[in-house]
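In what follows, residues are counted from 1 in the order of the sequence shown. Because only heavy atoms are used, hydrogens play no part in the values below, and waters and symmetry mates are left out as well, while side chains stay in.
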Amino acid sequence: MSSLAFLATELQAAEKSLSLLRANPEQNASHLAKDGPQSEELLKPIFMGCSTRNAKVVAISLGSLQRLIGIKAVPGSMIPAIVSIMGDSLSQGVDIQLKVLQTLLSLLTNYPDVHDELLGDALLLCFRLQDSRIAVVSSTAAATLRQLVMFVFDKVVDLEKPGAKASEMSPVPTQLPDGSTESLHPSVKDAFSVFEDLCLLANSERPNFLKLQSLPKTFALELIESVLTNYHALFRKFCRELETEAEVFLMLLVKIISGEGDGETGSARPGWMRVLAMEIMRGLCSDAELLRVIWDQYDARSETSSKVFSSIVSALKRLATERPSLLGVSAQMSGVGVQTHTVESPSGGAAAYGLEVAGRVASVATATVSNVVGISGHESGLSVGASSMKLQCIDQLDKADSPIIPESYIYLLALQCLVSICEGFASFTFPVYSAMAVQRPRAAGDALITAPPALDLATLADAEATTHDLRVVGAMIDSGWPGLLSALSFYITTNLSDDLFADTLTAVQNLTNVAGVLGLRTPRDAFLTSLAKFAIPPGVVSSVDTYVEPPVPRTASVSDALGFAGLTSGPTQVPGLSERNMACLKSIISTAMYLAGSLGPTWFDILEVLQNADYVMTLKGTRGTQASTNRRLSVVPSGGTPRPSRIVSATNSPNPAASPNPGQPVARHPLLTELDPETIQLTINRLYDGTKNLDDDAFKDFVGSLCKLSREMVGMQASKSMELRVSESMDEVLTPGPPSALSPSAGGLSPMIGTARSSRRVSGMGASKPTRAGDYGIARLGDVALLNIHRLIYRNPEVAWTTVTTHLLDTLQDAEAPPPIRLQAAEVLDEIL
């Protein structure tokens with residue numbers, strides 16, 4: 001009987017509701033939206049239908065409610081009742097729950113004046129459904145929440161748009177995290193409250209606005225990342241209201257990345273959470289403007305304890321270097337033909353020979369085992385193909401179990417973050433520098449500026465919009481360069497794939513150039529020094545010093561076939577530079593060309609690198625026609641094995657095995673092309689040709705550095721000649737009387753004994769150190785002087801003339817300098833005169 005009475009009552013309510021809808025179709029929506037007695041009559045059948053607990057009736061009622069909301073025929077006074085009735089319907093089936101989510105989204109987007117506690121109650125319904133065990137409900141609720149959180153911030157953005165209607169709502173007093181109170185627009189207060197609670201929930205703390213006990217940290221981090229990425233401009237405008245919450249979130253990310261335990265329980269966080277935090281960090285680091293805002297809001301303020309950007313760089317550096325064994329070591333970075341295992345014994349003789357043979361056997365055995373492991377297992381290293389995930393973790397939050405994550409994936413993310421930071425600096429700074437220093441208006445008759453000086457950040461006009469951002473970039477580099485240098489230098493030495501190595505080297509080059517154009521000499525020189533060590537490893541230079549041409553190849557034997565030929569003969573590989581060494585050298589040359597007008601005394605370090613490169617690529621600088629053959633053998637393809645000197649191969653062809661289509665060549669990064677010594681030498685020549693474009697001050701620094709380099713090398717050659725003369729005098733004293741049958745002059749059995757003894761007194765090694773044929777600095781000084789002869793003649797003598805001629809005259813008058821160098825100085829001076 002009660003069911004019939006209820007149906008009768010519902011039928012009457014439905015008829016009244018229909019009569020209201022049919023009364024005035026033209027003005028229906030606006031009339032019904034007004035509060036009045038008709039409001040309750042209109043929604044009464046819907047509320048009664050939702051309370052029946054009948055799934056079909058509830059679905060029809062919610063569908064009707066959604067249509068009324070869509071035409072905005074629901075009065076605002078009924079929204080609390082609507083939210084309440086939808087909350088009561090959550091216990092129904094999946095279809096009803098999905099219907100509730102659709103209705104909630106329509107309600108909040110069509111009625112933007114829903115604020116404060118009512119907004120929190122509506123969002124709470126979505127959070128409750130997001131925690132559902134039913135996948136379709138959970139994923140739909142998560143998507144709805146993302147839309148609604150973004151809509152909350154969109155309302156704040158709309159307030160700032162030009163021509164926006166003045167709000168009729170009065171500001172609401174709001175207590176900020178620092179204890180102060182400020183009156184905020186209701187929409188701003190909502191955004192502040194939602195973001196604050198998300199940060200608290202991500203940090204396992206109790207929220208203030210949302211009536212939640214907890215929230216999955218992954219979902220909270222995802223929502224925060226979306227807000228920071230899409231609405232970072234709001235954080236600049238409403239910095240006081242939101243800066244504390246953003247700081248809490250950013251420092252939480254840093255703690256997770258650093259591997260710190262949970263702040264509440266102290267237990268270690270799962271690995272997937274660290275990976276998720278790194279994926280969020282990658283998105284933040286790829287937004288250069290957001291990073292500048294972070295620096296401006298936190299690091300630049302002395303009263304702020306948290307240095308967010310500096311903490312991010314430190315965390316990335318620690319993460320990058322925490323497991324070096326997993327990333328391996330690049331064999332190429334130490335050069336080619338370098339003896340890495342040298343065994344010496346003070347007793348000499350058979351004991352030393354036996355130790356050396358044992359060491360070589362161990363090396364061969366180790367290499368064989370390494371090859372077997374490489375075939376049966378996974379080689380250590382880092383590459384996009386082997387280390388990345390098909391679908392990143394942040395896109396798999398709807399899954400109950402964590403996905404399978406490659407062990408090296410997190411280190412790939414760290415490298416991508418570092419590269420993105422450097423790329424962000426470069427993408428902002430280079431266009432501004434070009435506009436300020438290169439493309440600036442010139443007076444009539446002024447020459448085109450091709451080698452501009454560095455910017456002086458202190459003298460830039462404060463009124464310029466870009467001045468502040470340039471100073472921010474300069475401050476970020478000045479603060480973070482030690483960590484960036486350490487992390488990037490570490491990655492260059494690891495076993496990276498070609499594309500990742502090129503990206504890392506480009507990042508180092510970009511950071512060097514940005515520091516240079518902003519006048520930051522200390523970080524610029526530190527990065528140049530690091531590049532120099534990678535370009536010309538010290539072991540390569542020392543190996544070239546002691547290298548002796550191998551004898552004529554003998555007939556192949558069993559030891560050759562077994563790979564033990566090296567036990568009784570010296571290394572057959574000519575010492576030289578690997579492909580990656582040459583890429584670093586190419587990067588240094590490009591950097592020097594770009595910063596030519598601002599390098600100053602740092603030219604000395606760059607010219608020293610070029611001198612050593614010439615020494616290695618021409619094999620001691622003493623070869624004639626033989627040098628071209630040796631240079632071709634000095635570069636080994638990436639991932640390849642150094643070949644014996646009797647084998648000539650194309651060094652720049654890609655490895656067919658590394659290509660997915662062996663028949664097609666692989667496109668390589670520009671930094672890894674044109675790395676043959678001949679092309680590099682031509683590039684170096686272009687650098688010297690570019691001295692014609694330097695202004696007088698920059699040219700004076702260049703010539704002064706070149707003369708200083710030459711002076712130091714001539715001094716070393718003079719010292720070496722003096723040691724040789726003393727050694728020869730001692731030999732004459734120690735061998736009095738006529739030569740015996742065993743003396744070197746008699747042509748007996750011991751001519752090599754005297755030579756070896758004399759060379760050991762000089763160098764401490766069995767092989768002699770030959771004197772370089774001429775001085776690199778003097779030769780290049782002559783080229784530069786002839787290219788700039790007009791400058792030497794017509795400009796102030798202090799610019800170049802006095803420096804060049806004084807150095808050449810001092811050299812040719814130096815009685816201790818080797819005669820070939822003195823003659824070379826005289827010839828260069830004669831050409832200039």
Side-chain angles (χ1 to χ4, degrees), residues 250-251 253-261 268-269 271-282 284-285 291 307-334 378-384 386-388 405-423 425 476-512 515 522-523 526-535 537 580 584 587:
L250 292 170
M251 294 308 297
L253 276 184
V254 170
K255 290 179 181 179
I256 295 175
I257 292 170
S258 301
E260 297 184 16
R269 293 183 172 95
W272 57 262
M273 183 179 294
R274 198 180 186 198
V275 170
L276 180 63
M278 277 302 302
E279 290 179 344
I280 296 175
M281 184 61 70
R282 178 175 59 180
L284 297 178
C285 292
L291 286 180
K307 304 297 183 182
V308 177
F309 176 76
S310 302
S311 300
I312 290 173
V313 172
S314 298
L316 292 175
K317 179 250 181 183
R318 289 195 298 269
L319 171 61
T321 57
E322 70 179 13
R323 290 190 61 187
S325 60
L326 183 65
L327 304 183
V329 178
S330 173
Q332 285 202 56
M333 298 312 298
S334 60
H378 296 287
E379 183 182 2
S380 61
L382 201 63
S383 66
V384 175
S387 303
S388 59
I405 302 174
E407 199 173 7
S408 58
Y409 177 52
I410 193 169
Y411 305 104
L412 174 63
L413 291 173
L415 177 58
Q416 291 172 339
C417 287
L418 294 166
V419 170
S420 295
I421 291 173
C422 299
E423 184 180 353
F425 290 153
M476 293 171 74
I477 294 177
D478 205 27
S479 170
W481 73 263
L484 293 172
L485 173 62
S486 176
L488 291 171
S489 298
F490 169 76
Y491 272 115
I492 286 181
T493 62
T494 59
N495 188 22
L496 298 178
S497 62
D498 279 353
D499 53 345
L500 290 181
F501 173 80
D503 290 342
T504 307
L505 183 57
T506 301
V508 175
Q509 182 176 333
N510 283 337
L511 203 52
T512 309
T522 301
F527 278 98
L528 283 172
T529 301
S530 180
L531 282 175
K533 291 180 180 178
F534 294 139
R580 295 193 175 182
C584 294
S587 179

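- Residues Phe490 and Thr493 share a closest heavy-atom pair of O-OG1, 2.7 Å.
- Phe425 and Leu484 make their closest contact through CE1-CD1, 4.4 Å (heavy atoms, listed as atom of the first residue, atom of the second, distance).
- Interatomic distance, Leu500 CG to Leu505 CG, rounded to the nearest 0.5 Å: 12.5 Å.
- Looking at Ser530 and Val508, their side chains never come closer than 4.5 Å, going by heavy atoms from C-beta outward.
- Here the SG-CD1 distance, from Cys422 to Ile477, works out to 8.0 Å after rounding to the nearest 0.5 Å.
- Remark: the Ser383 side chain and the Ser497 side chain contain no N/O donor-acceptor pair separated by less than 3.5 Å.
- Nearest approach of Ile256 to Arg274, heavy atoms of both residues: O-CG, 3.4 Å.
- One distance of note links CG of Leu326 with OH of Tyr411; it measures 6.0 Å at 0.5 Å rounding.
- Counting only heavy atoms from C-beta outward, the side chains of Leu319 and Glu322 approach each other to under 4.5 Å.
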Would you please test Leu284 and Leu250 for side-chain contact (heavy atoms from CB on, under 4.5 Å) and show each step?
CA-CA 10 Å; Leu284 297 178; Leu250 292 170; 3.7 Å; yes
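- Taking CG from Leu413 and CG from Leu418, the interatomic distance works out to 11.0 Å, rounded to the nearest 0.5 Å.
- Annotation: cation-pi geometry satisfied between Arg580 and Phe501 (NZ/CZ under 6.0 angstrom from ring centroid, within 45° of ring axis).
- In this model, a donor atom of one side chain and an acceptor atom of the other lie less than 3.5 Å apart for Arg318 and Ser258.
- Contact annotation: the side chain of Leu412 approaches that of Ser388 to within less than 4.5 Å [non-hydrogen atoms, C-beta and beyond].
- When all heavy atoms of Ser486 and Lys317 are compared, the pair lying nearest together is OG-CE, 3.3 Å.
- In terms of heavy-atom proximity, Ala320 sits nearest to Leu327 at O-CD1, 4.1 Å.
- In this structure, CD1 on Ile421 lies 13.5 Å from CZ on Arg282, to the nearest 0.5 angstrom.
- Thr494 has its side chain out of reach of Leu382: every pair of non-hydrogen atoms, C-beta onward, lies at least 4.5 Å apart.
- Once rounded to the nearest 0.5 Å, the distance linking OG of Ser408 with CG of Asn495 reads 11.0 Å.
- In terms of heavy-atom proximity, Leu291 sits nearest to Cys285 at CD1-O, 3.7 Å.
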